[in-house]
Amino acid sequence: MTYDVVIIGAGHNGLVCAFYLARAGLKVRIVERRDTVGGAAVTEEFHPGFRNSVASYTVSLLQPKVIADMKLADHGYRVIERPISNFLPQEDGGYLKLGGGLERTQAEFRKFSEHDAKVLPDYYESLESVADVLRDLAMKSPPNLGDGIKTLIDGALQGRALAKLSLSKQRDVLDLFTKSARTLLDGWFESEAVKAAFGFDAVVGNYASPDTPGSAYVLLHHVFGEVNGKKGAWGHAIGGMGAITQAMAKVCQAAGVEISLEAPVSRVLVDGGKVAGVRLESGEEIPASRVISNIGPKLLYERMFADGDLTDEFKRRIRGFKVGSGTFRMNVALSELPRFTCLPEPGEHLQSGIILAPTLDYMDRAFADAKVQGWSRQPIVEMLIPSIIDDSLAPPGQHVASLFCQQFAPVLPDGRDWDAEEDAAADTIIDTVEHYAPGFRKSILGTMKLSPKGLERKFGLAGGDIMHGAMSLDQLWSARPVLGHGAYRGPFKGLYMCGAGSHPGGGVTGAPGHNCAQEVLADRSFAGRLLRRAHQ
């Protein structure tokens with residue numbers, strides 16, 4: 001059977017892309033390597049009786065248009081907003097809470113700096129004006145260099161929103177795209193705790209220091225989402241992240257999409273400069289006039305094409321595409337809730353993102369350690385405890401915790417292997433939590449440990465990169481993954497990309513899947529018009 005489209009990978013972007021194409025009448029088949037849909041957005045049992053979102057773990061960036069178009073709420077999609085965004089224990093025994101409304105956050109900031117509380121509204125307004133522009137651009141295909149006059153037109157149209165900003169706001173854009181997180185935050189705030197509260201977002205999924213130029217953009221990338229209509233909010237999906245992708249799969253199948261599990265692809269077939277389908281590792285060949293990749297550019301172009309298919313120039317560019325988010329992921333089954341020294345009793349702080357990285361200097365040292373030693377002896381840890389509000393995840397009275405940890409080298413120095421070092425790294429992470437919440441180690445009933453190598457092996461994330469590629473200025477917008485292929489189209493006719501390795505990048509957004517589908521349909525419509533004219 002010949003399909004209009006074969007999509008490699010049933011992650012959330014592949015499902016979103018399939019939905020829009022099937023709704024438009026195309027015959028679509030998704031082939032997935034694993035035995036479940038969802039990619040890294042899955043809910044799994046990792047210890048008897050304990051389930052969790054084992055990779056992607058929180059909701060904000062999923063596009064409202066995708067949620068509405070797919071009618072996900074009709075299929076069990078439900079997100080509970082965090083009462084506060086983040087909770088940061090401090091080394092001196094204090095703490096800072098971020099979120100819960102402007103006035104509450106200002107009151108928290110006054111514990112550290114009256115100045116910082118005063119300038120907070122202006123800081124929020126500065127970020128929000130730029131974030132609004134990015135929210136709009138996220139759902140549009142970037143101009144594709146090499147498309148002649150169309151490139152100029154698309155660039156002009158998308159640049160209008162930026163051009164309409166005041167000079168002051170345009171300066172904010174320049175700051176956010178070029179400065180380090182520290183330089184940006186030093187220009188606004190004086191308290192180290194306050195700067196850490198905002199600077200954490202600059203190193204999430206970013207193997208870099210907050211002093212690295214361009215890290216301010218990663219901070220911005222994490223604030224242009226929303227939950228239930230509230231901009232900048234974060235929340236928990238009831239049933240875990242897998243509940244979202246399972247709902248998406250149901251919608252796709254109802255639209256006629258065929259989903260094949262345990263069907264890994266070994267080769268993208270190319271014939272005469274255009275794709276002809278895919279070959280599975282089983283030997284089955286699936287003919288299709290369009291192949292859409294929901295896997296990362298590294299995996300696609302370095303492993304799934306025959307020798308001679310790709311030009312030397314293109315292969316060189318892909319070799320230079322930076323991957324490796326420095327991420328180590330743990331899921332922990334707990335007999336009881338952790339008790340933080342600075343705030344030991346249960347409360348709203350345990351329903352937030354618990355950030356164990358009290359200063360920007362701490363974050364910088366963590367990165368410096370990782371470069372030399374492979375991982376930091378005081379890593380950056382974000383803990384979430386979703387079972388507090390979702391009793392489907394753990395037995396009564398017990399809990400699950402997500403530990404999202406930064407500054408773990410994608411490749412260890414001195415020829416060491418992550419499979420041999422994983423337990424030691426996990427012990428370091430647990431020691432870090434224990435420092436702030438004594439007794440945490442004793443409460444652990446079971447764990448799942450995913451080093452950068454483990455993330456690559458389990459989820460197909462090259463270098464363990466949760467973003468499918470670094471979110472640096474040279475790998476954004478029209479240059480993601482490389483200039484000339486930034487509008488979701490690969491180097492062969494009929495080849496497209498719909499994953500996080502394309503614009504606007506990482507996170508559970510659905511935007512690359514949505515935008516790629518629009519480009520496929522636009523190409524199909526244009527080709528159809530040409531065909532009709534040829535027969536008139």
Side-chain angles (χ1 to χ4, degrees), residues 7-14 31-34 38-42 54-56 204-208 218 264-268 278 281 291-305 309-310 314-329 370-371 374-375 404-413 416-419 421-422 449-472 474-476 479-482 485-486 488 490-491 495-509 512-513 516:
I7 298 177
I8 305 173
H12 80 281
N13 276 311
V31 288
E32 165 59 42
R33 176 179 65 92
R34 300 188 69 218
V42 290
V54 296
S56 301
V204 172
N206 187 24
Y207 186 51
V218 184
V265 172
S266 64
R267 184 77 69 224
V268 176
V278 299
E281 288 183 5
V291 173
I292 303 176
S293 170
N294 187 37
I295 60 177
K298 281 280 194 185
L299 184 58
L300 173 67
Y301 292 116
E302 291 187 349
R303 303 186 194 179
M304 292 191 176
F305 283 89
D309 282 346
L310 300 166
F314 186 82
K315 288 190 287 187
R316 182 176 69 82
R317 295 291 179 181
I318 291 297
R319 282 196 301 273
F321 184 74
K322 301 189 298 292
V323 297
S325 57
T327 301
F328 193 111
R329 185 72 171 81
K371 288 196 298 180
W375 73 82
F404 182 76
C405 314
Q406 286 297 139
Q407 311 314 0
F408 294 79
V411 178
L412 290 172
R416 290 147 52 207
D417 188 276
W418 267 119
D419 286 343
E421 304 277 351
E422 191 174 66
K449 307 162 189 172
L450 292 168
S451 69
K453 183 178 179 180
L455 288 167
E456 177 168 346
R457 182 166 49 221
K458 185 175 179 69
F459 298 110
L461 302 171
D465 197 322
I466 64 169
M467 304 287 192
H468 283 198
M471 299 286 289
S472 52
D474 60 317
Q475 295 188 175
L476 295 177
R480 191 166 184 88
V482 294
H485 299 288
Y488 309 99
L495 178 64
Y496 298 83
M497 296 165 284
C498 73
S502 50
H503 173 76
V508 180
T509 72
C516 178

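Note: F314 and H485 have perpendicular aromatic rings, judged against thresholds of 30 and 60 degrees for the angle between ring planes.
Put simply, SG on C498 and NE2 on H12 are 9.0 Å apart, with the number rounded to the nearest 0.5 Å. Here the CH2 atom belonging to W375 is positioned 10.0 Å from the OG atom belonging to S451, to the nearest 0.5 angstrom. Here the CG-OG1 distance, from D465 to T327, works out to 7.0 Å after rounding to the nearest 0.5 Å. Atom CG of N206 sits about 9.5 Å away from atom CD1 of I466, to the nearest 0.5 Å. Once rounded to the nearest 0.5 Å, the distance linking CG of N13 with OG of S502 reads 7.0 Å. The line from CD of E422 to CZ of F328 is 5.0 Å long, rounded to the nearest 0.5 Å.
We find that K453 and D417 are joined by a salt bridge, their nearest charged nitrogen and carboxylate oxygen being less than 4.0 Å apart. With respect to the salt-bridge test (charged N to carboxylate O, under 4.0 angstrom), the residues R416 and E421 qualify. The pair R267-D309 fails the salt-bridge criterion, with no side-chain N (NZ, NE, NH1 or NH2) lying under 4.0 Å from an Asp/Glu carboxylate O. Under the 4.0 Å criterion applied to side-chain N and carboxylate O atoms, R303 and E456 are assigned as salt-bridge partners.
Side chain of W418 to main chain of A409: a donor-acceptor pair is present (N/O by atom type, distance under 3.5 Å, no hydrogens or angles). Looking at Q407, its side chain does come within 3.5 Å of a backbone N or O of A208 through a donor-acceptor pair. Under the 3.5 Å distance criterion, the side-chain polar atoms of Q406 are matched with a main-chain donor or acceptor of S325. Listed for the H468 side chain is no donor-acceptor partner under 3.5 Å among the backbone atoms of G505. In this structure, R329 contributes its side chain and G454 its backbone to no donor-acceptor pair below 3.5 Å. Side-chain atoms of R319 never come within 3.5 Å of backbone atoms of E302 as a donor-acceptor pair (strictly under, hydrogens ignored).
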>> Determine whether R457 and D419 satisfy the following criterion, side chain to side chain contact (heavy atoms under 4.5 Å, CB included), listing intermediate values before the conclusion.
In response: CA-CA 11 Å; R457 182 166 49 221; D419 286 343; 3.0 Å; yes
> For V265 and R33, what are the C-alpha separation, side-chain angles and deciding distance, and is it a side chain to side chain contact (heavy atoms under 4.5 Å, CB included)?
Replying inline: CA-CA 7 Å; V265 172; R33 176 179 65 92; over 6 Å; no
>> Before you tell me yes or no, could you show the steps for D474 and K322 under salt bridge (charged side-chain N to carboxylate O under 4.0 Å, His left out), namely the whole-Å CA-CA distance, both residues' side-chain angles and the distance that decides it to 0.1 Å?
In response: CA-CA 10 Å; D474 60 317; K322 301 189 298 292; 2.8 Å; yes
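Put simply, the side chain of V218 does not reach to within 4.5 Å of the side chain of V204, judged on heavy atoms. Side-chain contact between L495 and F305 is present, with heavy atoms from C-beta onward closer than 4.5 Å. Taking 4.5 Å as the limit, every side-chain heavy atom of I318 sits out of range of all side-chain heavy atoms of L310.
Y488 approaches H503 most closely through the heavy-atom pair OH-O, 2.7 Å. Of all heavy-atom pairs spanning F321 and P481, the tightest one is CD1-O, 3.5 Å. Listed here is the closest heavy atom pair of Y207 and G324: CB-O, 3.3 Å. Taking each heavy atom of P452 and G463 in turn, the nearest pair found is CB-O, 3.9 Å. Contact record, M497 with L300: CG-CD2, 4.3 Å, taken as the closest heavy-atom pair. Residues S293 and I295 approach most closely at OG-CG1, 3.1 Å, considering heavy atoms.
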